[in-house]
Number of protein chains: 2
Amino acid sequence: MASSGKKKATIYDLSVLSGSSPSTVSAVLNGTWRKRRIKESTAELIRSLAETHQYTANRQARGLRSSRSGLVGLLLPVHDNRYFSSLAQTFEAHVRSKGQCPIVVSASRDPEEERKTAETLISYSIDELFICGATDPDGVHEVCEAAGLKHINIDLPGTKVPSVISDNFEGGRLLTEAIIRHFPADRPLRPRDLYLFGGRNDHASHERIRGFRAVKKELLGDDPDECIQPTGYAPNNARKAFEAFYARHGKLPRGLFVNSSINFEGLLRFMAEHPHDNFTDLVVGCYDYDPFASFLPFPVIMIRQDVERMIAKAFEVIEQPRAAPRIHLVEPELVPPRTALTGPLDALKDIDLPRGRP
Amino acid sequence: MASSGKKKATIYDLSVLSGSSPSTVSAVLNGTWRKRRIKESTAELIRSLAETHQYTANRQARGLRSSRSGLVGLLLPVHDNRYFSSLAQTFEAHVRSKGQCPIVVSASRDPEEERKTAETLISYSIDELFICGATDPDGVHEVCEAAGLKHINIDLPGTKVPSVISDNFEGGRLLTEAIIRHFPADRPLRPRDLYLFGGRNDHASHERIRGFRAVKKELLGDDPDECIQPTGYAPNNARKAFEAFYARHGKLPRGLFVNSSINFEGLLRFMAEHPHDNFTDLVVGCYDYDPFASFLPFPVIMIRQDVERMIAKAFEVIEQPRAAPRIHLVEPELVPPRTALTGPLDALKDIDLPRGRP
DNA sequence: CTTGTTTGCACAATCGATGGTGCAGAGACT
DNA sequence: AGTCTCTGCACCATCGATTGTGCAAACAAG
């Protein structure tokens, strides 16, 4: 807690101290002072006063006047997931490098909440909004549009503004093929041995399923509808689907295409309920990368979406004044089993406490 | 993109439309209108105008006047980690339920960056700051103190304001004991079979190490110094430490206490380099919970810190006017191998798109 | 009819920074 | 000396909401 604080210095305080006007102080401290022909020595004085009085500008005041806030928003489905949290990490680095402040918020994949959350961010006069994995990107678009806010879609596309997403069709193909080829030629997979679980009525799932079915047809000759089980994005729904399959067949399919790491957690929950089944002869492909999942006791082939490139592309596109609402595809990467990739965390230095405390 | 927006309605627009004064409009829309004895019918009119014109208050203006912003900050070491991201998720839910807006930022465990980030948040007039896992909590404290900002520590304690942290000593004891007891009585662990890797010169590591050593001494009779390897918080440093041990001994210790899931990733990297070693006769205890790690091919015992309770406690304590800078301990939970716990994600509903789009 | 009270609202200052405009003084030039 | 041009800054309105204060009209009490 603590709230004894003396209040912060303002340009008016510095104005009195320096004997200049507030506008001069403002100009010096926000960098526009050359344009205003302020003497170098005046500027120097004000800067040193600002220094000793720990002046920092009140961004609400600045934002009010300039109707820009320096805040850049990222709207996420959830935080608690390696894919989205690494997006957040990368996003933050980009925003900070531009001298702005990231504000990352989740909206639980609920269209209504997505719009309300966008409204809230807009009320803070954020400068840009990155809409990631939204269930209803065009709904959010309308809110942004009405407020004149620059925005862009990531991960799931909308139709009104540009979208940067991973190439889910190609990723689905890659992953499906890798699963199939992981089985030895003498015990090959048959069409009904390979199921897809998870995902729902969104663009990403559609594309992945399309890739899955295309490769299945091509390599296994058939592609039965029953092998597609879009069980949504809740871990427990996926668990129930595995449970149901297991109840009917006494085993899992030999090959599993799991639509996201969140659905994969549903598979883990299923497995926890069946401790005596060893799940040998099982190959899992998961459309998401998680280092721990990669080392599970059965082969896990994963797709890593290229978060770095997606974020970089999104920042590039959002700067363009009147970009057409096209979809920018970013190629994902196939990650073989037992692979520990480096991530944003590796950029951190490992620094020790400065002060001598336990 | 898109930026064609007509600008947003203000209280002045509504003032003209309703024929009332701006202050009346303001009072009606911020709830203080009863106190100002505004007629019900006037209020009703203004509310309906606000509705049809999609009025939302400009928070920068409100914040400037009231020197409160409705923003509540969470300062994190990193996003890209299940422990911190679930903290963020839980934090966000709490803040939103109070009608405020969460703003989650990471500072990479760098004391300098922690302070600067706090400064930035302060310049947005955030109302409260939750300082989580900071390397130098007292440094951040000074910044907050100077600005008169309420704040509290989470995960790593400071000495100036209250801290809510998990009971690392007890957690360390629990985990160490569970590792030891996981070995059968006929092939018991000897003191030099049990190593601790990861962590550094912080309170949490100290306490965990203290618990580790106490239990080792008690159950195994000895506790050699060499078995403590505080390799920091970077995955690659942990990897190198495992590599070094392996080079000297030709194997890993039979029992491993890994100080965090981030260090655990270092272990994975090590294992990826040694694909032919099966690492049987290995038991890992990890001070963090990750569902995928829990199902690895060797027994992994994990500690789940009680994120829900920590956040709830922190919100409780931060409201108290002059709370003493004491440490509030929250008991963590021991998670046996192959356990899939539910998390914040399970609170989500699984909703489909409203509009008919692919 | 007069004085007091309540109702219902308007007015205006304020929060801190920004940026257009104006203007005095110094120097240059004729 | 008179006119111009620069230099270096001050003044003031402005962004949108909040809030203390004032005041007319309506009503009640005497």
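Chain naming here is simple, since letters A, B, ... match the order of the sequence lines and numbering starts at 1 in each. We use all heavy atoms of the structure for the numbers below, so side chains are in, but hydrogens, waters and symmetry mates are not. Note that the structure is a prediction, hence the values are computed from the model and not measured.
Looking at K313(B) and E316(B), a side-chain N of the basic residue comes within less than 4.0 Å of a carboxylate O on the acidic one, giving a salt bridge. Ionic pairing of R47(A) and E44(A) is present here: one or more N-O contacts between side-chain nitrogen and carboxylate oxygen are shorter than 4.0 angstrom. At a threshold of 4.0 Å, the pair K98(A)-E319(A) counts as salt-bridged, since one of the basic side-chain nitrogens sits closer than that to a carboxylate oxygen. Salt-bridge check for K8(A) with E119(B): passed, with a basic side-chain N closer than 4.0 Å to an acidic carboxylate O. Of the charged side-chain nitrogens involved, none lies within less than 4.0 Å of a carboxylate oxygen, so that E128(A) and R68(A) do not count as a salt-bridged pair.
Each salt bridge (Lys or Arg N to Asp or Glu O under 4.0 Å) pair with one or both residues in residues 14-34 of chain A, not counting sequence neighbours, appears once here: R34(A)-E40(A).
In this structure, K8(A) places its NZ atom 16 Å from C1' of dC15(C), rounding to the nearest Å. Between the C1' atom of dA10(C) and the CD1 atom of I46(B) lies a distance of 12 Å, rounded to the nearest Å. One atom, OH of Y55(A), and another, C1' of dG16(C), lie 7 Å apart when rounded to the nearest Å. Put simply, CZ on R62(B) is 16 Å from C1' on dT14(C), counting in whole angstrom units.
At dA10(C), none of the side-chain N or O atoms of Y12(B) fall inside 4.0 Å of OP1 or OP2 (strictly under the cut-off).
Residues Y83(A) and D155(A) bring a donor and an acceptor atom of their side chains to less than 3.5 Å of each other. Side chains of S123(B) and R59(A): a donor on one and an acceptor on the other come within 3.5 Å. S106(B) and E92(A) are linked by a side-chain donor-acceptor pair at a separation below 3.5 angstrom, with hydrogens and angles left out of the test. If you check the side chains of D138(B) and T159(B), you find a donor sitting under 3.5 Å from an acceptor. Side-chain polar atoms of R96(A) and T117(B) form a donor-acceptor pair below 3.5 angstrom.
Using cut-offs of 30° and 60° for the angle between ring planes, the F130(A) and F91(A) rings count as perpendicular.
Taking every heavy atom of residues 117-129 of chain B and every atom of DNA chain C, no pair lies under 4.0 Å. DNA chain C is contacted by R36(B), R37(B), I38(B), K39(B), T42(B) of residues 35-44 of chain B, taking any non-hydrogen atom closer than 4.0 Å. Of all the residues in residues 14-30 of chain B, S23(B), S26(B), N30(B) reach under 4.0 Å from DNA chain D with at least one non-hydrogen atom.
Every side chain to side chain donor-acceptor pair (under 3.5 Å) that T32(B) has, sequence neighbours left out, goes to N30(B).
For DNA chain D, the outermost nucleotides in 5' to 3' order that have an atom under 4.0 Å from a heavy atom of chain B are dG16(D) to dT21(D).
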